[in-house]
Amino acid sequence: MRVIFIPYLLILFLINISAAGSKITSSFEFLRTDFSPRLSAMSGAALTLRGDVNSMQINPAGGAFIADEQFAFNYTNYLLDINGGQAAYARPFQGIGVLHASILYMDYGEFKNSDEYVVPLGGTFSANDFALSLGISGNLDDDFTYGVNLKYVHSKIEEYQASAAAFDFGLIWAVPFEDDLYIGVNL
């Protein structure tokens with residue numbers, strides 16, 4: 001009994017330590033926003049969505065199913081002064097695959113300068129984010145498709161700025177023994 005109990009306590013202790021240290025905020029959270037009404041209505045369950053230029057932010061392998069060129073323009077006006085949008089384009093090229101590009105942006109509006117006690121200091125500042133994505137999708141064989149995105153991401157809050165390069169890779173498997181069953185994975 002003691003042999004089982006000690007590892008169990010150790011695991012609980014380690015979980016509590018990792019949870020206590022999770023107060024770090026994430027960067028570039030706007031990349032998780034679905035600007036497309038279709039993707040938003042699916043509540044993030046679009047990992048195997050195929051043939052839609054909007055889906056390439058979630059799994060770029062879905063672009064391999066695009067037969068003709070596609071454009072998408074999405075705009076979302078949130079509460080207060082927050083708004084964001086996406087412009088995307090994809091086009092198939094014979095022998096190469098489907099090339100796609102998109103631009104995402106999020107604008108958080110104007111904020112009044114204040115100190116930590118919310119005493120106004122005068123003046124305002126803004127915050128905004130954007131991402132530029134270029135990618136390719138294609139077929140590995142009759143059952144597997146792949147997609148790769150390369151992104152440049154930039155965020156700005158007042159005088160603070162951050163930039164990064166990001167990489168997306170996705171696969172979709174058309175299960176051969178079952179009609180309309182697809183399994184997707186992305187990284």
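Starting from 1, each residue takes its place in the sequence as its number. The model shown is predicted, which means the values in this text are computed figures rather than measured ones.
Legend: side chain to side chain donor-acceptor pair (under 3.5 Å) pairs involving residues 178-187, not counting sequence neighbours: none detected. Pairs of residues two or more places apart, or lying in two chains, that qualify as ring-ring contact (aromatic ring centres under 6.0 Å, His included) and include a residue from residues 30-76 are Phe71-Tyr89.
Contact annotation: the side chain of Asn149 never approaches that of Leu134 to less than 4.5 Å [non-hydrogen atoms, C-beta and beyond]. Counting heavy atoms from C-beta on, the side chains of Ile172 and Asn59 come closer than 4.5 Å. For the pair Asn128/Met106, no side-chain contact is recorded, criterion being any heavy-atom separation below 4.5 Å from C-beta on. For the pair Ser55/Arg50, no side-chain contact is recorded, criterion being any heavy-atom separation below 4.5 Å from C-beta on. Here the side chains of Ile58 and Leu49 are not in contact, with every heavy-atom distance at 4.5 Å or above. You'll find the side chain of Ser126 reaches within 4.5 Å of the side chain of Lys156, heavy atoms only.
Partners of Glu69 by salt bridge (charged side-chain N to carboxylate O under 4.0 Å, His left out), not counting sequence neighbours: none found. For Tyr78, there are no side chain to side chain donor-acceptor pair (under 3.5 Å) partners two or more places apart in sequence or in a different chain. Annotation: side chain to side chain donor-acceptor pair (under 3.5 Å) contacts of Arg38 (sequence neighbours excluded): Asp52. In this structure Gln86 satisfies the side chain to side chain donor-acceptor pair (under 3.5 Å) test together with Asn74, sequence neighbours excluded. With sequence neighbours excluded, no residue forms a salt bridge (charged side-chain N to carboxylate O under 4.0 Å, His left out) with Asp129. For Gln161, the side chain to side chain donor-acceptor pair (under 3.5 Å) test picks out His154, with sequence neighbours left out.
Both Ile82 and Ile157 belong to a single network of hydrophobic side chains, linked directly or stepwise wherever heavy atoms of I, L, V, M, F, W or Y lie under 4.5 Å apart.
Here the closest non-hydrogen pair linking Ala61 and Gly170 is CB-O, 3.5 Å. Smallest separation of non-hydrogen atoms from Gly138 and Ala64: O-CB, 3.5 Å.
Hydrophobic cluster membership of Leu79, counting Ile, Leu, Val, Met, Phe, Trp and Tyr whose side-chain heavy atoms lie under 4.5 Å apart directly or via other members: Leu80. Hydrophobic clustering, defined by side-chain heavy atoms of Ile, Leu, Val, Met, Phe, Trp and Tyr closer than 4.5 Å, groups Val53 together with Met56, Ile66, Val98. Hydrophobic clustering, defined by side-chain heavy atoms of Ile, Leu, Val, Met, Phe, Trp and Tyr closer than 4.5 Å, groups Phe144 together with Phe93, Ile96, Leu99, Ile136, Leu140, Tyr146, Val148, Phe167, Phe169, Leu171, Trp173, Val175, Phe177, Leu181, Ile183, Val185.
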Could you list the donor-acceptor pairs under 3.5 angstrom formed by side chains in residues 109-122, with sequence neighbours left out?
residue: Glu110; atom: OE1; partner: Thr124; partner atom: OG1; Å: 2.9
residue: Asn113; atom: ND2; partner: Gly122; partner atom: O; Å: 3.3
residue: Asp115; atom: OD1; partner: Tyr117; partner atom: N; Å: 2.9
residue: Asp115; atom: OD1; partner: Val118; partner atom: N; Å: 3.2
residue: Asp115; atom: OD1; partner: Val119; partner atom: N; Å: 2.9

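Distance CG/Leu31 to CD/Gln57: 7.5 Å, rounded to 0.5 Å. Distance check, rounded to the nearest 0.5 Å: CG of Leu47 to CE of Met42 gives 10.0 Å. Atom CG in Leu132 sits 5.5 Å away from atom CD1 in Ile103 (nearest 0.5 Å).
Side-chain atoms of Thr76 never come within 3.5 Å of backbone atoms of Gly85 as a donor-acceptor pair (strictly under, hydrogens ignored).
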